[in-house]
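Contents: one structure, followed by commentary.
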Amino acid sequence: MHRLNAWLRRHPMVVDSAWASLVLFFSVLPDSTSAEGWRLGVHYVIALVIPLLMVFRRKLPDLTVYLAGGVGLLQVALGVPVAASSLGYLVFAYTGAAFGTAWTSRLCLAGSLLAGPLTLARFPSGYTDDEGIWHGQHRSTAEFLLISALMSTPFILCWAWGRLTRVRRAYLVELEDRAARLERERDAQAKVAVAAERARIARELHDVVAHNVSVMIVQADGAAYVLENSPQQAKEALGTIASTGRQALVEMRRLLGVLRTSDTNAEEYVPQPGVEELPELLEQVRTAGLPVDFATSGTPRELPRGVELTVYRIVQEALTNVRKHGGPDVHARVAVDFGERELAVLIEDDGRGTTDEQLAAGGTDGLGHGLIGMRERVGMVSGSLDIGPRPGGGFRIRAVLPLKAAH
């Protein structure tokens with residue numbers, strides 16, 4: 001039944017043809033009309049035209065409604081009595097309201113209101129005697145209006161049913177449009193979320209790869225320099241390279257695991273180093289040949305995971321840039337200040353520094369992805385970042401991250 005109903009909805013002309021066949025059958029029965037003479041011929045023409053128009057009423061609603069209205073007026077004008085084919089006029093009152101244009105609907109309403117009075121006035125009840133004298137029933141104005149209203153009621157009800165069908169169809173179309181729009185918005189939000197996740201992972205990969213690879217390069221250069229004169233130092237440098245490489249591989253696997261695994265919690269794969277891991281990071285940097293001083297002030301306390309990771313990555317990226325661009329014999333200093341409502345992180349060095357023009361262009365290497373990543377990280381936690389040359393030479397980075405008040 002469900003398939004049959006769906007098929008009939010896709011082929012409305014089949015249903016309309018079935019109803020038209022019934023109207024045609026009852027219209028051509030021998031006793032279906034009281035018309036005589038030439039009016040009987042007109043009756044059979046109307047009995048064929050009305051069902052034919054019913055077949056095409058949904059495909060051509062306006063045209064069929066106007067033609068049916070014209071046939072109805074012609075029937076009244078010629079005095080062809082009402083017959084079974086007149087049921088088709090009810091169908092066209094519904095069709096004009098449900099499928100026609102606004103003007104077609106208005107004309108159908110006007111025709112529905114006038115159907116009763118016109119029919120009653122053109123075909124008054126009565127009879128003609130043997131002498132040809134008409135004996136009609138005399139009605140008062142009130143009786144005429146009441147009977148006319150009763151005769152117009154079926155047409156008005158069909159028109160109202162058509163209007164309800166139109167409103168319901170428009171409501172369903174709006175619901176479908178809204179569902180499609182929400183689906184498009186959901187897809188767009190999903191794409192934005194994927195893009196944001198990819199950008200986050202790109203920042204993490206940049207920090208991991210840039211830091212660890214720079215350490216490995218420095219250690220490799222040092223090992224090559226002391227290989228002949230100090231094999232023990234070269235061996236230690238090679239061990240540091242291996243350890244750093246393994247650490248980079250572990251973090252990269254954990255990051256890329258987020259991309260490969262869709263049904264696992266991403267948090268367990270994302271590396272989340274924080275302020276407590278800074279001494280290990282600084283020791284690794286010192287091993288790579290960069291002297292770094294570290295100081296903390298205030299009362300250390302547990303921080304949000306996002307702030308912890310932001311602090312660690314800012315320090316990591318800043319020290320990586322010092323090794324890459326600071327020049328020989330450069331020294332760096334890292335200071336973390338735990339305030340009442342904010343956390344301040346300062347990284348500065350006494351190296352070659354940079355100019356404002358180079359900084360605006362994206363760094364001395366022309367890329368500046370690390371500085372962009374810093375700004376994005378600080379922006380995500382609603383903090384502020386100050387980057388620029390250090391008074392007296394060198395480079396300076398200061399980040400201020402808001403915190404909740406300590407209890």
Indicate the atoms forming the closest heavy-atom contact of Gly383 with Pro402, along with that distance. CA-CD, 3.7 Å
Arg396 side chain near Asp386 side chain, heavy-atom distance below 4.5 Å: yes
Might you work through the side chain to side chain contact (heavy atoms under 4.5 Å, CB included) test for Val334 and Leu319, ending with a clear yes or no? CA-CA 9 Å; Val334 177; Leu319 295 179; 4.2 Å; yes
Which distance, rounded to the nearest 0.5 Å, do you find between the CG of Leu182 and the CZ of Arg186? 9.0 Å
Per the salt bridge (charged side-chain N to carboxylate O under 4.0 Å, His left out) rule, what does the pair list look like for residues 42-53, sequence neighbours excluded? none
Looking at side-chain heavy atoms only, is the closest gap between Phe155 and Leu90 below 4.5 Å? yes
Set of residues satisfying side chain to side chain contact (heavy atoms under 4.5 Å, CB included) with respect to Val49, sequence neighbours excluded: Val45, Leu53, Val71
Just wondering, more than 12 heavy atoms not from Glu302 lying within 6.0 Å of its CD? no
Do Trp19 and Val91 pass the side chain to side chain contact (heavy atoms under 4.5 Å, CB included) test, and can you show the C-alpha distance, the side-chain angles, and the key distance before you say yes or no? CA-CA 10 Å; Trp19 287 111; Val91 176; over 6 Å; no
What closest approach, in Å, do Ser27 and Ala47 show between heavy atoms, and which atom pair accounts for it? CB-CB, 3.5 Å
Look at atom CG of Asp187 and say whether more than 12 heavy atoms of other residues, nucleotides or ligands are closer to it than 6.0 Å. yes
Has Arg398 got a side-chain atom pairing as donor or acceptor with Ala344's backbone, closer than 3.5 angstrom? no
Counting only N and O atoms by type, is there a donor-acceptor contact under 3.5 Å from the side chain of Glu348 to the main-chain atoms of Ala332? no
Going by salt bridge (charged side-chain N to carboxylate O under 4.0 Å, His left out), name the pairs with one or both residues in residues 76-100, residues two or more places apart or in two chains. none
Nearest-0.5 Å distance that lies between atom OG1 in Thr104 and atom CG in Leu109: 12.5 Å
Do Val65 and Phe99 come within less than 4.5 Å of each other through their side chains, counting heavy atoms only? no
Looking only at heavy atoms, which two atoms of Ala399 and Leu385 are closest? And how far apart? CB-CD1, 3.7 Å
Taking atom OG1 of Thr141 and atom CG of Leu146, what is their separation to the nearest 0.5 Å? 12.5 Å
Closer than 3.5 angstrom, by distance alone: can the side chain of Asp62 be matched with the main-chain N or O of Thr101 as a donor-acceptor pair? yes
Quick one, Phe395 and Ile387 - any side-chain contact, counting heavy atoms below 4.5 Å? yes
With Val330, which residues qualify under side chain to side chain contact (heavy atoms under 4.5 Å, CB included), at least two apart? Leu290, Val322, Asp349, Asp350
Could you walk me through whether Arg301 and Leu403 satisfy the side chain to side chain contact (heavy atoms under 4.5 Å, CB included) test, starting with their C-alpha distance in whole Å, then the side-chain angles of each, then the deciding distance to 0.1 Å, before giving a yes or no? CA-CA 11 Å; Arg301 61 181 185 273; Leu403 301 174; 3.5 Å; yes
Side chain to side chain contact (heavy atoms under 4.5 Å, CB included) between Phe294 and Arg286, worked out: CA-CA 11 Å; Phe294 180 59; Arg286 295 187 186 102; 4.1 Å; yes
Could you report the tightest heavy-atom contact between Phe92 and Ala68, atom names first, then the distance? CD1-CB, 3.5 Å
Kindly compute the distance separating OG (Ser112) from CD1 (Ile156), expressed to the nearest 0.5 Å. 6.5 Å
I'd like to check the side chain to side chain contact (heavy atoms under 4.5 Å, CB included) partners of Leu114; sequence neighbours left out, ordered by chain and number. Leu118
CG-OG distance between Leu401 and Ser382, expressed to the nearest 0.5 angstrom: 10.0 Å
Is it true that a side-chain atom of Thr64 and a backbone atom of Pro61 form a donor plus acceptor pair closer than 3.5 Å? yes
Would you say the side chain of Asp16 lies within less than 4.5 Å of the side chain of Met54, judging by non-hydrogen atoms? no
With a 4.5 Å cut-off on side-chain heavy atoms, are His43 and Leu40 touching? yes
Side-chain (Ser152) to main-chain (Leu113) donor-acceptor, under 3.5 angstrom: yes
Once the angle between the rings of Tyr94 and Trp161 is folded into 0 to 90°, is it parallel (under 30°), tilted (30 to 60°) or perpendicular (over 60°)? tilted
Verify the distance criterion only: is there a donor paired with an acceptor across the side chains of Gln316 and Arg313 at less than 3.5 Å? yes
To the nearest 0.5 Å, tell me how far Arg57 CZ sits from Leu67 CG. 15.0 Å
Would you indicate whether the side-chain heavy atoms of Leu87 and Phe26 approach each other to under 4.5 Å? no
Indicate the atoms forming the closest heavy-atom contact of Cys108 with Ala93, along with that distance. CB-O, 4.2 Å
Using side chain to side chain contact (heavy atoms under 4.5 Å, CB included) as the criterion, list what pairs up with Leu78, not counting sequence neighbours. Trp38, Val42, Leu74, Val80
Measuring only between side-chain heavy atoms, which start at C-beta, is Arg58 closer than 4.5 Å to Thr95? no
Ser86 side-chain N/O to Ala83 backbone N/O, donor-acceptor pair under 3.5 Å: yes
How far apart are the closest heavy atoms of Pro291 and Gly289, and which atoms are they? CD-O, 3.5 Å
Verify the neighbour count for atom CZ of Arg168: are there more than 12 heavy atoms of other residues, nucleotides or ligands below 6.0 Å? no
